[in-house]
Structures are given as structure tokens and as C-alpha cells.
**Q** 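One structure, pasted below without further comment.
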Amino acid sequence: MLPNFLKPEALQRYIGIMDHIAGRHFSSGWENKDQVKVFPLCKNYTFWIASRLFVSVEEPTEVAKLLEPFNVLASGLISVPIDLPGTPFNRAVKASNQIRKMLVALIKQRKVDLAESKASPTQDIMSHMLTISDENGKFMHELDVADKILGLLIGGHDTASSACTFVIKFLAELPEIYEGVYKEQMEIVKSKAPGELLNWDDIQKMKYSWNVACEVLRLAPPLQGAFREALADFMYNGFSIPKGWKIYWSANTTHRNPECFPEPQKFDPARFEGSGPAPYTFVPFGGGPRMCPGKEYARLEILVFIHHVVKRFRWEKIIPDEKIVVDPMPIPAKGLPVRLFPHKA
Ligand code: HEM
């Protein structure tokens, strides 16, 4: 059920919604400002889109109410599991309970609205989960729906906001790359009627922009890697790995291996032209059966973000050598403050 919602065929219908929300986000958060802090804004952007597409919460005050406990949860997600008052872990547990409560309230209301035909079975992922039964005709329990949505909101917004933040960082540092992206996006802007929303064809035209985003994901993968368990004994590089061992695969190390990516430190979107990198060398979304199911969704929201930001502004970093911290995702330590230069009309 979940992968269906996240498949490209289903996602095509949501490009216009992403574009509409991006428009609202940029006019309230970026326009008419000389300086902005990029990371918190990117979090608002990805969370706003996720709230709208997963649970149809769209009004900024309602989105903010939902985001508040998510931020507490995010800071305790990877923490020492000591459940005592005041620990990050304890705060995260409380925040997740609060979010579950909010989601269950939304689910109950949605059930009523679906029964009265005031809501549609296809309007968002919550409706999908409530109206589709398993092979035995059983529907998902409210708490399971809440947990699944909670997982998606966590998996889906911090990763993409880290990616969008690094797009801004690299484009500030590499004017010639910015020019290429700007040219491509302005062609699309010029082809649209006033007020016409982005669609699937427009996304297909954003080839260079996506190659740039991939190079950003190679050099700054939001998830550094993940764990696997060895299902059988095997040899790797002369080391014997016994069955049952926990193994950590690292996106960062793979992406910087010169055998897979010559001159790995060089920002070069051309690596993704043609057939692109060899299988299992470019792994920001993982690989194999547990590969990220949100890859296409993330591609769309990153491209819509790039479209909106470059059609409005150029920008420069306010802290030229801002440190990057990894907690657990890479983010500029001060949130990437930038000075904005709107394009002349
Ligand atoms: C740039 C954005 C994103 C990146 C870099 C990313 C990366 C990843 C990675 C590396 C994994 C682990 C894969 C593995 O273990 O092999 C993963 C899993 C997952 N991601 Fe994403 N992700 C992103 C966006 C999203 C979005 C937008 C969603 C939801 C809409 C999402 C939902 C999930 C879920 C549910 C899993 C767990 C899959 C499983 O265990 O079977 N992700 N993601």
C-alpha cells in the first residue's frame, strides 16, 4: 500500500500541490528579506509538503503545531536511551506520544469525513491507509496508521531538508553550476502561462538540475549509511565476516572512493550523464530491497525547491567557512545564513 502511494505514477498527481505549497513557502519565508537562515526554512518547506500530502494539513498555524513536537523528537532520535525526566530520549518519547495523539485525532475526524463523503479516499496517504484493506479484508488499526505516518514524516522531511540546504550551499560556492541550473529553470518558467503549476513534463526537463542535486547527494548524503546483518559467512577484502554480524554500509565512504568517482572531491554533475555511476556506487537512498521508498518523492520536492529558489534569487553565504556538523544528518553549524539578491523583473 505504501509503495503504491510513493510510486512515480501516483506522485505525478502531487507535483502541482508541491508547486503550490512551494509558492506559499517562498512568499512567506524568503521574499522581501535581505538575509535568511536556510536550514530551518528547508525544514519548514519539506514538513509543509509532507503534512499536506500525508495528512492534508496545510494551514501554516496547523503545520507549525505539528512541527513543534517533531523538532523535539528529531533531537532525541539518536540519543542515549535513558528514559529519565529531562534527557533527550525522554523528551523524544514524550514528543512522539504527543504526535501520535495528534495523528489519531486527525484519523478519527477523517473516518467521519470519509463516511460522510466530505473527504476523498485518494486525497492523501492517510485516506489511502484507512480505505484499503489487506488480502483478508482487514483494515489497519488507527494506531498503526498513526505509527506509519509518523515514520514517514520522520523519514521524509529531515533528509530532504538537509539535501535542499546543501543545494543552496553548493550553488552559492559554484557560480558556473548555478548558471546552468538557472538557465534550465528559466526555460521552464518562460514556457508556462502565468499561474500555471509545474507538471510531470516540466520535471522531465530538469535533467541538469537533477544531476546537480545528485552530485550534492553524493558529496553530502543526508544519511551516512545504515546497518545490515550478515545472513551467511562470507569473505570481504580478505576479512572473514561471520553470519549474524552487524555490518555498517557507508554512503559517504563509497561516494568518495576514487575507483567509483574519479577526483571524488570535485563537484561534477556530468558524472550523472548517460548511464551514470556504476550500480551500488551512488547510494544516498541505499540499495537493494530496503532501498528508500521515498526516493521519487524526494526527487520531486528537491526539484520543485530548486525551481522556486533559482527563479527568484541569487545568494551568497554570510559565513564563508561555516562548519558542517553531522547530527545525525549533515547540516551547516549555524543553519547556513545567506544574503539574498532577487532577480530584477
Ligand atoms: C533526500 C531525501 C532522502 C534520502 C537521502 C533518504 C535516504 C534513505 C536511506 C539511505 C534509507 C535506508 C535504505 C537502506 O537501509 O538500504 C531510507 C529508508 C527509508 N526512507 Fe528515505 N530518504 C529520503 C527521503 C525519504 C522520503 C521523502 C520518504 C517518505 C516519503 C522516505 C521514507 C523512507 C522509509 C519509509 C525508509 C525505510 C525503508 C525500509 O526500511 O524498508 N525517505 N531512506
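When a ligand or atom number is given, it counts from 1 through the structure's own listing order. Along the sequence shown, residues are numbered consecutively beginning with 1. Note: hydrogens, waters and symmetry copies are ignored here, and every other heavy atom, side chains too, is used.
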**Q** Is the closest N or O pair between W249 and ligand 1 shorter than 3.5 Å?
**A** no

**Q** Can a non-hydrogen atom of P293 be found less than 4.0 Å from any atom of ligand 1?
**A** yes

**Q** Hey, does K169 have a side-chain heavy atom less than 4.5 Å from the side chain of I324?
**A** yes

**Q** I'd like to know whether the aromatic ring centres of H343 and F313 sit less than 6.0 Å apart in this structure.
**A** no

**Q** Using heavy-atom distances only, which candidate in A163, G155, A298 approaches atom 25 (C) of ligand 1 most closely?
**A** G155

**Q** Should K43 and D158 count as an ion pair when the cut-off is N to O under 4.0 Å?
**A** yes

**Q** Could you tell me which atoms of ligand 1, counted from 1 in the order shown, lie closer than 4.0 angstrom to a heavy atom of L152?
**A** 29 (C)

**Q** Answer with side chain, backbone, both or neither: which part of P222 has a heavy atom less than 4.0 angstrom from an atom of ligand 1?
**A** side chain

**Q** Report the part of F285 (side chain from C-beta onward, or backbone N, CA, C, O) that has a heavy atom under 4.0 Å from ligand 1; answer both or neither where that applies.
**A** both

**Q** Compute the minimum heavy-atom distance from R228 to ligand 1 and say whether it is under 4.0 Å.
**A** yes

**Q** Mark up the atoms of ligand 1 that fall under 4.0 Å of a heavy atom belonging to F54, in ascending order.
**A** 30 (C)

**Q** Distance under 6.0 Å and angle within 45° of the ring axis: does R271 meet both against F261?
**A** no

**Q** Counting only heavy atoms, which portion of F227 has something under 4.0 Å from ligand 1: side chain, backbone, both, or neither?
**A** neither

**Q** Report, in ascending order of atom number, the atoms of ligand 1 lying under 4.0 Å from any heavy atom of G286.
**A** 10 (C), 16 (O)

**Q** Taking the six-membered ring of F285 (Phe, Tyr or Trp), confirm whether the NZ or CZ of R299 is under 6.0 Å from its centre and within 45° of its axis.
**A** no

**Q** For ligand 1, which atoms sit closer than 4.0 Å to a heavy atom of P284?
**A** 5 (C), 7 (C), 10 (C)

**Q** Out of the candidates Q123, E58, M18, E59, only one should pair with R52 under the side-chain contact (heavy atoms from CB on, under 4.5 Å) rule; please name it.
**A** E58

**Q** Look only at the side chain of E322 and the backbone of K334, and say whether a donor-acceptor pair between them is shorter than 3.5 Å.
**A** yes

**Q** If we set the cut-off at 4.0 Å for heavy atoms, which region of F166 has an atom near ligand 1: side chain, backbone, both, or neither?
**A** neither

**Q** Side chain of S79, backbone of S75: donor and acceptor closer than 3.5 Å?
**A** no

